[in-house]
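Written out below as C-alpha cells is the structure these notes cover.
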Amino acid sequence: MIYKETGQYKSSYKSDHAIFPLIQDKVLFSTLMLIAFLVVPFFINSYWEKAILVPFLIFSLAAIGLNILTGYCGQVSLGTGGFMAVGAFSTYKIMTSFPDLNIMIIVLISGVITAAVGIVFGLPSLRIKGFYLAVATLAAQFFLVWLFNKVPWFYNYSATGQITVSERLMFGIPVTGATAPPYATYLFCLVLVVLLGFAAKNMIRSKIGRSWMAIRDMDIAAEIIGVPPLKTKLSAFAVSSFFIGVSGALYFAIFLGAIEVTESFDIMTMSFPVLFMIIIGGLGSMLGSFLGAGFIVTLPIGLKFIMVDLIGLSAVTAKHFEISIWGLLMIVFLIVEPHGLARLWSITKEKLRRWPFPY
Amino acid sequence: MSLQDLQNIPYGKKILELKNISLAFGGVKALTDVSFEVNKGEVFAIIGPNGAGKSSMLNVINGFYKPTSGLINFAGTDRKGMEPEFAAKSGIARTFQNIALFKGMSTLDNLMTGRLLKQKQNFLMQALYFGPAGKEEEIHREKVERVIDFLDLQSIRRTPVGSLPYGLQKRVELGRALAMEPEILLLDEPMAGMNVEEKQDMSRFVLTVNNEFKTTIVLIEHDMGVVMDISDRIVVLDYGKKIGSGFPQEIRNNKAVIDAYLGVSDD
C-alpha cells in the first residue's frame with residue numbers, strides 16, 4: 001500500500017517515459033538529493049570523506065562505466081584498472097602542462113582521452129566475444145599499466161615513478177591537494193556523479209541504449225533490424241571508458257593525491273572490485289551501479305568494525321577473513337541472486353506495493 | 001533507390017526479383033539457380049521440405065547472406081547482394097524461425113528497436129535528453145503504440161519478453177518488424193508451434209497488415225492449410241532448387257510438388 005501506483009495516470013508519453021515515473025520514486029530521489037547537497041556538506045568530516053563518501057562516489061562512476069559496457073552492451077571487460085590509469089595520468093599530464101586550466105575541465109578532458117583509448121582497445125570486440133574478449137581487455141589492463149610504468153614521460157621523469165597532484169581551486173576553494181576541505185572534494189565529486197549519472201540514464205533510455213541492449217541480447221537480430229554492430233560496440237566502449245576515465249581522474253586528483261600505477265590500478269586492486277560491484281549491484285541497472293559501489297566500499301569498514309572492534313580479532317586476521325568473506329559473498333550472490341542488489345530492491349518494491357496484504 | 005521509389009511502384013507490379021540465385025557454403029549447396037519474382041502488395045509464400053533452402057532464401061533477400069552467384073533486382077536496380085543495414089533502411093523487415101527477440105528488454109523497448117533506423121539524434125543529444133532527443137523519442141513512441149494497439153500487446157508493454165509465452169513472443173516479433181514500417185515483410189514460419197487459435201490470430205494479423213498497410217509479404221510456412229488460404233502466389237523449393245511456382249491451386253495439382261512435399265492423401 002505504501003508503494004502503489006494506483007491513481008497516478010499518465011496522459012503523455014513524456015511523463016510515462018520519465019526517469020522516475022512514480023511519485024514515490026520522485027520524492028525518495030529528491031529527498032536523497034536534498035540531503036546530499038544541503039545537509040551532508042555541513043556535517044562531513046575527513047573520516048567520512050576519505051573512508052566512505054568520496055570513494056563511494058568515485059567508484060559509482062566507475063561502476064556505471066563498466067555497467068554500460070558489460071551490463072548493457074554485454075561486452076565483458078577486465079581492463080577497468082588500466083582505463084582508470086589512463087584517466088589519472090591524463091589528468092596529471094594536463095595538470096602539469098596547463099597550470100591555469102580549470103580542474104573540472106581537466107577531469108572531463110581526461111575522460112575524453114580515455115574514451116579514445118577505449119575505442120582502440122574495443123576494436124577486437126567485433127571479432128571476439130565473451131571470455132575471449134575478456135582476455136583481450138586483460139591485455140589492455142596489463143599493457144596500459146606497463147606503459148605508465150615504463151615510459152618516464154608519463155610521470156614527468158620523477159625519481160619514484162609516482163605522480164602527485166598539485167593544488168587546484170574551484171570558486172576560490174581548493175578541491176585537490178592536501179589543503180582541500182572535505183566538503184569541497186565531496187561536492188566536486190557529487191556534482192560530477194549526478195550530472196554524469198543523468199547523462200548515462202538518458203542514454204540508456206534512448207536510441208543508443210536500446211542499440212546496446214539489442215547487441216547484448218542478440219547481435220544477429222540487431223544487425224538485421226539495422227543496428228551497426230561495430231559502431232554500436234565501439235560507442236559502448238567509448239562512453240564506458242569516458243566514465244571510467246573520469247573516475248580514474250577523480251581517484252587520483254581528489255581521493256589519493258599521489259599514486260603509483262602498479263599499486264593503485266592493478267587488476268586485483270581495481271578491475272576485479274569494480275566488476276564485483278556491478279555483479280553484486282546488478283548487471284544492466286543504474287541503481288545497481290550505486291548499490292554495488294556502496295556495498296563494496298562499506299563492506300571492509302563494516303567487517304573491520306565487527307571483527308576488530310566488537311569481537312577483538314587482530315587487524316591482520318580480520319584482513320584475511322575479509323578476503324574470504326568477499327569470495328564467499330560473490331559465490332552466494334551468483335547462486336542466490338544473479339541480478340544483484342537492484343533485483344532485491346525491485347522485489348522489495350513489489351512487496352511494499354501490496355503490503356500489508358499477501359497478494 | 002530509396003523508400004520513396006519503392007512506394008511509387010504500382011500495386012501488382014514486381015518489387016523484388018531474384019535472378020538465378022545460387023548460394024553455397026563450401027561444398028554444401030543451399031540454393032541452386034533459383035529465380036522468382038514478388039509483386040507489390042501480394043502475399044507470397046515459399047514452401048518446401050526441411051532443408052530445402054527456404055530460410056537461406058530469406059537471408060539472401062535481407063542481405064544476411066551474399067549469394068554466390070545471381071542477382072537481386074530490388075525496385076528496379078540489379079545488385080549482387082545487400083548489407084543488412086541497407087536492406088533494413090530500404091524497407092525490408094523480417095521475423096525469425098526461432099524467435100530472435102531481445103530477451104532482456106521489455107516488449108515496448110523491443111518494438112522501439114524497430115524505430116532505431118529512423119531516429120536521427122546523436123548520442124550527446126540523447127545524453128542531454130531535453131529538447132530534440134526527447135521529442136524524437138515521443139514521436140516514435142506514438143508510432144510504436146499504434147503497433148501495440150494493433151497487435152493487442154497493451155497488457156505486456158512493460159514485461160521482459162524473455163518471460164512471455166511462445167505465442168506472444170511470436171507476436172512481439174511481428175510487432176518489432178511492423179514498427180519498422182516495412183515495404184516488404186519477410187516472415188519465417190510465423191505460425192510454427194502454435195495451436196489452432198493462435199494460428200488463426202496470426203493469419204488474421206498477416207492478412208490485415210497486407211490489406212490495410214499494403215505491405216508486401218514473403219512468408220515461409222509449413223501449415224499447408226494456412227499457406228493455401230492466405231497466399232496469392234507460391235514458390236516451392238526442394239534441395240535448394242525451385243520445383244514449382246504459381247497460384248495455390250496450381251501448386252496443389254503440381255506433380256513434382258506432390259511427390260516432393262505435399263504427398264497424396266489416402267482418399
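Chain A is the first sequence line, chain B the second, and so forth, proteins listed ahead of strands; every chain is numbered from 1.
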Within 6.0 angstrom of Lys103(B) NZ, more than 12 heavy atoms from elsewhere | yes

Contact part of Arg158(B) toward chain A, heavy-atom cut-off under 4.5 Å: side chain, backbone, both or neither?
-> side chain

Given a strict heavy-atom distance threshold of 4.5 Å, which part of Asp109(B) is in contact with chain A: side chain, backbone, both, or neither?
-> both

Please check if atom NZ in Lys231(A) has more than 12 non-hydrogen atoms from other residues, nucleotides or ligands closer than 6.0 Å.
-> no

Among Ile208(A), Ile224(A), Leu196(A), who wins on heavy-atom pairs under 4.5 Å with chain B?
-> Ile224(A)

Is Lys80(B) atom NZ crowded by more than 12 heavy atoms from other residues, nucleotides or ligands, each under 6.0 Å away?
-> no

With a 4.5 Å cut-off on heavy-atom pairs, point out which of Gly284(A), Gly209(A), Ser235(A), Ala222(A) contacts chain B the most.
-> Ala222(A)

Rounded to the nearest 0.5 Å, how far apart are CZ of Phe96(B) and CD1 of Ile220(A)?
-> 8.0 Å

Who among Ala93(B), Ala100(B), Gly134(B), Ala87(B) has the most heavy-atom pairs with chain A under 4.5 Å?
-> Ala100(B)

Of Arg115(B), Arg94(B), Met180(B), Glu85(B), which meets side chain to side chain contact (heavy atoms under 4.5 Å, CB included) against Ile225(A)?
-> Met180(B)

Looking at Asp217(A) and Phe102(B), what are the two nearest heavy atoms and their distance?
-> OD2-C, 3.3 Å

Counting only heavy atoms closer than 4.5 Å, note whether Glu136(B) contacts chain A via side chain, backbone, both or neither.
-> neither

Against chain B, label Ala200(A) side chain, backbone, both or neither, depending on which of its atoms sit under 4.5 Å from a heavy atom there.
-> neither

Check the surroundings of atom CZ in Phe25(B): do more than 12 heavy atoms from other residues, nucleotides or ligands lie under 6.0 Å from it?
-> yes

Compare all side-chain heavy atoms of Arg216(A) with those of Met105(B) and state whether any distance is below 4.5 angstrom.
-> yes

Salt bridge or not for Arg210(A) and Glu137(B), using N-O below 4.0 Å?
-> yes

Would you check, one step at a time, whether the test side chain to side chain contact (heavy atoms under 4.5 Å, CB included) holds for Met218(A) with Leu101(B)?
-> CA-CA 7 Å; Met218(A) 188 159 280; Leu101(B) 285 168; over 6 Å; no

Are any non-hydrogen side-chain atoms of Val227(A) and Leu116(B) less than 4.5 angstrom apart?
-> yes

Taken to the nearest 0.5 Å, the spacing of Ser206(A) OG from His140(B) NE2 works out to 11.5 Å

Minimum heavy-atom distance between Thr113(B) and Ala214(A), given as atom pair plus value | CG2-CB, 4.5 Å

